[in-house]
Asks: 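Starting off with a structure, shown below.
What you see is a predicted model; the values in this text were computed from it and never measured. For ligands, and for the atoms within them, numbers begin at 1 and follow the listed sequence.
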Amino acid sequence: MERLDRFMARANAAYYANHDPFADFTTSPEITQVFGEVLGLWAAVTWEAMGRPDPVLLVECGPGRGTLMTDALRAVGKAAPGFRAAARVHLVETSMRLRAVQAGALPEGVAWHDDLASVPEGPMVLLANEFLDALPVRQFVRRGAWMERFVDGGAFVEMPVEDGAYLLPLPPGEGRGEEVLAAERGPAGAIGAQSRVGNDRAGPLPHPGPLPEGEGEVVEVCEPALAIAAGVAARVARDGGAALFLDYGPAESAPGDSLQALREGKPADPLAAPGEADLTAHVDFAALARAAVGARVHGPVAQGPFLARLGLFQRSGRLARTQPPAKAAALMHSAQRLAEPDQMGRLFKALCIAHPALPVPAGFEP
Ligand code: SAH
């Protein structure tokens, strides 16, 4: 028997170590080169707003095949050579298999890290697409008291919450009868949970927010994602910069089980064959925003309008004019796929965690 987040971490580590994930799902950078290009230009514009620090860390978390970074570097090499020259590329990637693929795609001089903690200090622009959704979640179920989901022989079992006081009532004055997720409630409503992933901020995490009260309701908490938001916020507040997260999930925290699996391109039972399927969960953007203490949070905004503001369609159109008709049509179709509300344009969101003094980043204008 294994706690769900430990099961998910183990299953995904095995999956990413042994599979080509892109046989099972397609991500935005794999749909069109223009995605990585506009994000590269976003990074360059952000760098300008930061006062053009040289050197600057250009960090990507979960770079997959290295496609986003390759497209970004090509675009900024042409449009923003000053940024290209200043940028030191650092990739956070745990899969050795994918590191090898990234090394084949990217120029020399790129550094790899297991987590953000070993990325050097300094002003930073960070990009992460479909990274947080792969991080392990815990799930709690309301059965009068809160229970936690464990996995045993391919099925959920509910156990008393392992770390004792994870779910405690709010102290008087902080909401009536409400509870918050709290391991050890700190002064600012913090939970004591720590994560190995990217948490270079000492201290507890902020709690993920108010809990539903209905019997049988499920609450998901992605501790590593909260740790990354908190760690990134501390870093950009200290050294300057901004981090852009693109992923799918609701803008407001919502109860419910969003764990899902893709196996050979098809939806599968997430608990059935650990390591054979890609496991993901919706990203709770509101919880990330609450965790980003000390920084300014922009968004979340829907991916469609965000990419449109960054010039996805103009750039695709310009590129299409130089291409044969079939390729040109495919480019425009791909742009629509990323931006249309009924495709990836609405469920996917962009969130930026930035230094408090940085102007509103491109694409997040009200
Ligand atoms: N950003 C890419 C890939 C998304 S797949 C794209 O858009 O195409 C998720 C990526 O995150 C993979 O590269 C995977 O190996 C990596 N990853 C998953 N869990 C991780 C973790 N805990 N730490 C670092 N990288 C992780």
Asks: Ignoring angles and geometry beyond distance, decide whether Ser95 reaches within less than 3.5 Å of ligand 1 through its nitrogen or oxygen atoms.
Replies: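 In fact, backbone or side chain, Ser95 has no N or O that close.
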Asks: Among Leu279, Val151, Asp278, which one satisfies side-chain contact (heavy atoms from CB on, under 4.5 Å) with Pro270?
Replies: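 By the side-chain contact (heavy atoms from CB on, under 4.5 Å) criterion, Pro270 pairs with just one of Leu279, Val151, Asp278: Leu279.
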Asks: Can you list the ligand 1 atoms lying under 4.0 Å from a non-hydrogen atom of Thr27?
Replies: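 Per the distance check, 6 (C), 7 (O), 8 (O).
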Asks: I'd like the name of whichever of Thr94, Leu132, Leu91, Asp247 reaches closest to atom 19 (N) of ligand 1 through any heavy atom.
Replies: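 Minimum heavy-atom distance to atom 19 (N) of ligand 1 goes to Thr94.
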Asks: Out of Gln102, Met96, Glu93, whose heavy atom sits nearest atom 12 (C) of ligand 1?
Replies: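 Heavy atom nearest to atom 12 (C) of ligand 1 belongs to Glu93.
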Asks: Does Ser28 have a non-hydrogen atom less than 4.0 Å from ligand 1?
Replies: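 Under 4.0 Å: no for Ser28.
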Asks: So if I count the atoms of ligand 1 from 1 in the order they appear, which ones are less than 4.0 Å from some heavy atom of Leu135?
Replies: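 What qualifies from ligand 1 is 21 (C), 22 (N).
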Asks: Output the list of atoms in ligand 1 that are nearer than 4.0 Å to some heavy atom of Gly64, sorted by atom number.
Replies: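 Per the distance check, 2 (C), 3 (C), 13 (O).
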Asks: With atoms numbered from 1 as shown, which atoms in ligand 1 lie under 4.0 angstrom from a non-hydrogen atom of Pro29?
Replies: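 Every atom of ligand 1 under 4.0 Å from some heavy atom of Pro29: 6 (C), 7 (O), 8 (O).
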Asks: I'd like to know whether the aromatic ring centres of Phe245 and Phe285 sit less than 6.0 Å apart in this structure.
Replies: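 Ring centroids of Phe245 and Phe285 are no less than 6.0 Å from each other.
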Asks: If you measure every N or O of Gly62 against every N or O of ligand 1, does any of those distances drop under 3.5 Å?
Replies: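 It does: an N or O of Gly62 is found under 3.5 Å from an N or O of ligand 1.
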Asks: Once the angle between the rings of Tyr248 and His282 is folded into 0 to 90°, is it parallel (under 30°), tilted (30 to 60°) or perpendicular (over 60°)?
Replies: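 The rings of Tyr248 and His282 stand perpendicular, inter-plane angle above 60°.
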Asks: Could you see which bit of Leu98 sits under 4.0 Å from ligand 1, with heavy atoms only: side chain, backbone, both or neither?
Replies: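 The answer is the side chain of Leu98.
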Asks: Looking at Glu148 and Arg3, does any basic side-chain N land under 4.0 Å from a carboxylate oxygen?
Replies: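 Between Arg3 and Glu148 there is a salt bridge, with a charged N closer than 4.0 Å to a carboxylate O.
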Asks: Suppose I only count heavy atoms of Glu130 and a 4.0 Å limit; which atoms of ligand 1 are within that range?
Replies: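 Close to Glu130: 4 (C), 5 (S), 9 (C).
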Asks: Is it the case that atom CZ in Arg346 sees more than 12 heavy atoms from other parts of the structure closer than 6.0 Å?
Replies: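 At most 12 heavy atoms, drawn from other residues, nucleotides or ligands, come within 6.0 Å of this atom.
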Asks: For this output row, return yes or no: ring centroids of Phe140 and Trp146 closer than 6.0 angstrom.
Replies: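 No, ring centres 6.0 Å or more apart.
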Asks: I'd like to know if Asp257 and Arg149 make a salt bridge, using a cut-off of under 4.0 Å between side-chain N and carboxylate O.
Replies: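 A salt bridge links Asp257 with Arg149.
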Asks: Any salt bridge linking Asp114 with Arg99? Criterion: basic side-chain nitrogen under 4.0 Å from a carboxylate oxygen.
Replies: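 Looking at Arg99 together with Asp114, the answer is yes, because their closest N to O distance falls below 4.0 Å.
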Asks: Would Phe22 count as a polar contact of ligand 1, with the cut-off being nitrogen or oxygen pairs under 3.5 Å?
Replies: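 N/O-N/O distance under 3.5 Å: no.
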